[in-house]
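Just so we're clear, the structure is a prediction, and the values are computed from it rather than from any experiment.
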Amino acid sequence: MTSPRVAVLCGGDSAEREISLLSGRGVHAALVRQGWDAELVDIRTYDGLPQRLAPFAAVFNILHGGAGEDGTVQLLLDLMGKPYVGSGPLASALAMDKSESRKAFQGKGLPVPAWALCTGGDPVALARAAELGYPLVLKPRREGSSVGVHLVRDRAELEQVASALLSRYGEFLAERFIPGREVTASILDRDGEVVALPLVEVRPREGDLFDWTAKYTPGGCAVSCPAELPPDLTAHIQDIARQAHLVLGCRDLSRADFRVARDGTPYLLEVNALPGLTEMSLFPRAAHAVGLSYDDLVVHLLNRALARLPAPTPLG
């Protein structure tokens, strides 16, 4: 039987374009190696996207950031009747919105750092942020890959960074920095279960944050998988990640980022509903730790999307 044509959708126009291209090329190569009829669809604009995707039976969406990850493209694909890898429109929108996802996590009783949403029209926003206590992490409300993330240690830095973020985004999230360790928990929907993969710990070689430089500079951080944490703490973090995946309504995959305080308390930072899928990305590393190769992971995710193809209507 001929395999369905699959579009590997990547690129886009967000600040994460280059990372999306790396993920897309990796996914495409894996599918081709496994005998799939896959085509790399690199877009720079969303104009004409329905026409470009019309010939394909399914879409392996690996756009990062912007309209490719915030539910917009997901809604378009739903309207087109195209099955795709990853979460649906609402879960995607919630995961990208750090303010709304934090509210959802808190409503479920999941531990998050003390935080505040700061907007340009709020005259007391900076005072509210400063009340959280220094150091503070400032980040855009709707960006991924640590784009625009800053660590500020005093009022002068707060005012300087806040001014830049407000000028560019109009708002930002401030959260109390948690000294300790950076850990990620990957979630994979598999065999009817929400499976938490082994934890990954990342240790930046410079600075205190797993920021853009640490993520994408060769040798910028040390990575350990499985993370060397006590078994009970590991299980606790994995359970929080599973709950976060479910409370946002994610499907197929997600990756939750944590800070583990020096006293062992884990704090959930955010959930990435469409994490990077280069062969060296954190999610594939976690999958590899349970014996799931990169190619097998990619094919598993595609098969989950294809299982959502509408059933054919009987004739007669």
Side-chain angles (χ1 to χ4, degrees), residues 86-87 91 94-98 100-115 135 137 139 144-146 149 151 173 175-204 208-211 214-215 221-277 280-292 297:
S87 297
L94 279 172
M96 278 292 287
D97 188 326
K98 295 178 178 62
E100 292 304 312
S101 59
R102 287 282 174 94
K103 293 176 185 176
F105 299 150
Q106 288 177 305
K108 188 66 174 178
L110 303 182
V112 299
W115 65 284
V137 178
K139 58 182 71 173
S145 286
S146 299
V149 174
L151 182 65
L173 205 75
E175 70 184 27
R176 189 172 62 213
F177 175 66
I178 307 296
R181 303 164 71 175
E182 185 102 12
V183 173
T184 72
S186 297
I187 297 296
L188 182 66
D189 288 345
R190 192 180 189 189
D191 301 327
E193 297 183 2
V194 179
V195 178
L197 301 176
L199 303 184
V200 180
E201 181 176 3
V202 291
R203 299 182 299 280
D208 297 308
L209 289 180
F210 186 46
D211 57 14
K215 283 182 179 180
C221 66
V223 180
S224 300
C225 182
E228 296 181 1
L229 294 171
D232 57 341
L233 178 55
T234 294
H236 182 41
I237 292 172
Q238 289 173 320
D239 183 58
I240 294 171
R242 272 192 295 264
Q243 292 186 64
H245 180 90
L246 293 170
V247 77
L248 296 184
C250 295
R251 72 182 181 200
D252 295 345
L253 75 168
S254 70
R255 194 196 72 229
D257 297 337
F258 291 83
R259 292 289 296 185
V260 180
R262 289 167 181 160
D263 66 0
T265 303
Y267 291 90
L268 174 60
L269 302 180
E270 61 186 81
V271 167
N272 188 333
L274 204 57
L277 285 182
M280 297 305 295
S281 294
L282 301 181
F283 194 101
R285 287 180 191 240
H288 185 265
V290 292
L292 195 60
L297 172 64

Practice problem: Could you give me the CA-CA distance, side-chain angles and deciding distance for I237 and V260, then say whether side-chain contact (heavy atoms from CB on, under 4.5 Å) is met? | Solution: CA-CA 9 Å; I237 292 172; V260 180; 3.8 Å; yes
Practice problem: With rounding to the nearest 0.5 Å, note down the distance linking CG in L253 to CZ in R255. | Solution: 10.0 Å
Please table the atom pairs, donor to acceptor, closer than 3.5 Å between any side-chain atom in residues 185-193 and protein atoms at least two apart or in another chain.
residue	atom	partner	partner atom	Å
D189	OD1	H245	NE2	3.2
D189	OD2	D252	N	2.7

Quiz item: Looking at L268 and P113, what are the two nearest heavy atoms and their distance?
Solution: O-CD, 3.4 Å
Enumerate, atom names and distances included, each donor-acceptor pair closer than 3.5 Å involving a side-chain atom of residues 223-231, sequence neighbours excluded.
residue	atom	partner	partner atom	Å
S224	OG	R203	NH1	2.8
S224	OG	R203	NH2	3.3

Quiz prompt | Qualifying residues under salt bridge (charged side-chain N to carboxylate O under 4.0 Å, His left out), relative to K103, sequence neighbours excluded | solution = E100
Quiz item: At their closest point, which heavy atom of P135 faces which heavy atom of L151, and how far apart are they?
Solution: CB-CD1, 3.8 Å
Self-check item: Trace of the side-chain contact (heavy atoms from CB on, under 4.5 Å) decision for S101 with L248
Solution: CA-CA 7 Å; S101 59; L248 296 184; 4.2 Å; yes
Quiz prompt | Point-to-point distance, once rounded to the nearest 0.5 Å, from CD of Q238 to CG of L233 | solution = 10.0 Å
Self-check item: Test item: P284 and L277 side chains (from C-beta on) under 4.5 Å apart, heavy atoms
Solution: yes
Exercise. Enter the distance from E182:CD to F258:CZ here, rounded to the nearest 0.5 Å.
Key: 11.0 Å
Quiz item: Looking at F283 and P275, what are the two nearest heavy atoms and their distance?
Solution: CD1-CG, 3.8 Å
Practice problem: In plain terms, say whether K98 and E175 are close enough for a salt bridge, that is, a side-chain N and a carboxylate O under 4.0 Å apart. | Solution: no
Exercise. Identify the two heavy atoms, one from K139 and one from V149, that lie closest to each other, and give their separation to 0.1 Å.
Key: CB-CG2, 3.8 Å
Quiz item: Between R259 and R181, is any pair of side-chain heavy atoms under 4.5 Å apart?
Solution: no
Quiz item: To the nearest 0.5 Å, what is the distance between CD1 (I240) and CZ (F105)?
Solution: 11.0 Å
Quiz prompt | Where A91 and G249 come nearest, the two heavy atoms and their spacing | solution = CB-O, 3.3 Å
Quiz item: Donor-acceptor pair, T265 side chain versus A261 backbone, under 3.5 Å?
Solution: no
Practice problem: Take W115 and R176 through the test side-chain contact (heavy atoms from CB on, under 4.5 Å) and record every step on the way to the result. | Solution: CA-CA 6 Å; W115 65 284; R176 189 172 62 213; over 6 Å; no
Self-check item: Point-to-point distance, once rounded to the nearest 0.5 Å, from CG of L274 to SG of C250
Solution: 10.0 Å
Quiz item: Would you say R262's side chain and I178's backbone share a donor-acceptor pair under 3.5 angstrom?
Solution: no
Practice problem: Identify the heavy atoms of L282 and V202 that sit nearest to each other, and give their distance. | Solution: CD2-CG1, 3.9 Å
